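Below is one structure; the comments refer to it alone.
This is a predicted model, so every value here is computed, not measured. Here is how names work: the chains are called A, B, and so on, in the same order as the sequence lines, proteins then strands, and each is numbered from 1.
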Number of protein chains: 2
Amino acid sequence: MPTPHYGQPRYRAIADELRERIKSGAIPPGAFLPAESVLTAEFKVSRGTIRQAISALRKDGLVATEHGRGTYANAQFHAQSSHHRANPRTRQREVSADEGLAELFDVEVGAPLIEQESVVRIGKRVATVTREYRLGPASS
Amino acid sequence: MPTPHYGQPRYRAIADELRERIKSGAIPPGAFLPAESVLTAEFKVSRGTIRQAISALRKDGLVATEHGRGTYANAQFHAQSSHHRANPRTRQREVSADEGLAELFDVEVGAPLIEQESVVRIGKRVATVTREYRLGPASS
DNA sequence: AGAAATTTGTCCGTATGTATC
DNA sequence: AGATACATACGGACAAATTTC
C-alpha cells in the first residue's frame, strides 16, 4: 500500500534527520553520508525518496554529491576570505538584477533575484559556468 | 496554485519551449536535455507533466530517450535550412569576466568570456534566465 | 591491467490522494 | 464527469563514475 502522505512527507522528515546529524557533528564536515542503498534500508523507504531528501540538503548547500563516490557534508561556515578553494560546484545566492535581467523579468534594476551557479569542470579546468536566474521570493 | 489551464495545457507549453530550445540551437543535436528532475525544478511542474511534454517531442521525432542515460536532441536535418531567426530566445556575446568568473576560470578580471544567454518563458512570463560562460577565443 | 563491486544518475511504469477547471 | 495538474511514493532497470580486489 504505497503512499499515504498525511502531514509531513517522509522525504522531508528524512532530510530533517540528516540535517540534524550534520549539524550535531555526527557527520562531520567532509565526511560521507551513508550510501543511498544504506539509507533506504535504514529508513525503509525507496531510493527515490532518499534522493529527494538528499536533494533538499544539496539545495541548502549542506552537502555535495559526486557521481560514483557519494555524498558528503560540506564545511559551510567560514566560507570566505580564505586563500584556498573548497569545491562548491554549485551555489545559490541572492543577487541584484542588472540591466539586462531587469528588463527580461520586468522588474527594476537592483531587484532581488535568485542566482544558482553551477560549475562544470573537466579534469581540473573549469569548462563552463552556468548562472541561472529566477525571481526572488518577494514577487508574485 | 495548482492547475489553471487556460487555453493551453502546461505540458504543451513546455513541449513548445523545449522544441524552441532545440530549434534555436540552445540544445544542439546530440546534446542531452536536462534530466526530468532538473526540468521539474526549472519549470516548477511535476514529473508527470514533464514526461508528457517529452513524450510529445519524442512522438515528433525531435528527441530520443535512452533508458538510464537520458533524452537527447536528434540530429535533425532541419528540412530546408531556412532562415527563421524571428524570436531569438538565445543570444551570444562577449563579456568581461567579473571577479567570480575570473577566479573560477583562473583568468584575470576583465578577460574576455563568451556568454550564451537563454530565456525560458512560460506563457508570457520569464521563468528563468540562464547564462552560460566559456573561455573566449583568446585562450589556448 | 583488468574485472568486479559500489555508488550515484537517469528513466520507466505505476499508484494514491488532492485540487481545479 | 472528465481532463489537467499537483505532490508524494514505490520498485525496477540500465548507465556511468569511482573504488576495490
Which residues share a salt bridge (charged side-chain N to carboxylate O under 4.0 Å, His left out) with B:Arg47, sequence neighbours left out:
B:Glu36

Nucleotide D:dT8, atom C1' - distance to CZ of A:Arg12 in whole Å:
10 Å

Whichever of B:Thr49 and A:Lys44 has the more 5' nearest nucleotide on DNA chain D, that residue is B:Thr49

Which pairs with one or both residues in residues 24-61 of chain A pass ring pair (Phe, Tyr, Trp, His ring centres under 6.0 Å), sequence neighbours excluded?
A:Phe32-A:Tyr72

Is any side-chain N or O of B:Tyr11 closer than 4.0 Å to OP1 or OP2 of D:dA5?
no

Atom CZ of A:Phe32 and atom P of D:dT20: how far apart are they, to the nearest Å?
10 Å

Does some side-chain heavy atom of A:Leu39 sit less than 4.5 Å from a side-chain heavy atom of A:Ile54?
yes

Quickly work out the A:Gln8 CD to D:dA7 P distance and round it to whole Å.
16 Å

Value in whole Å for how far the P atom of D:dT4 lies from CZ of B:Phe43
19 Å

Pairs meeting criterion side chain to side chain donor-acceptor pair (under 3.5 Å) with involvement of residues 96-110 of chain A, two or more places apart
A:Asp98-B:Arg131

Kindly write out the residues that satisfy side chain to side chain contact (heavy atoms under 4.5 Å, CB included) with A:Val38, not counting sequence neighbours, or none if the list is empty.
A:Pro34, A:Ala35

Let me have a per-nucleotide readout for nucleotides 1-13 of chain C, 5' to 3', with B, S or -, counting only protein heavy atoms under 4.0 Å.
------BBBBBBB

Residue set satisfying side chain to side chain donor-acceptor pair (under 3.5 Å) with A:Arg21, at least two apart, ordered chain then number -> A:Glu17, A:Glu42

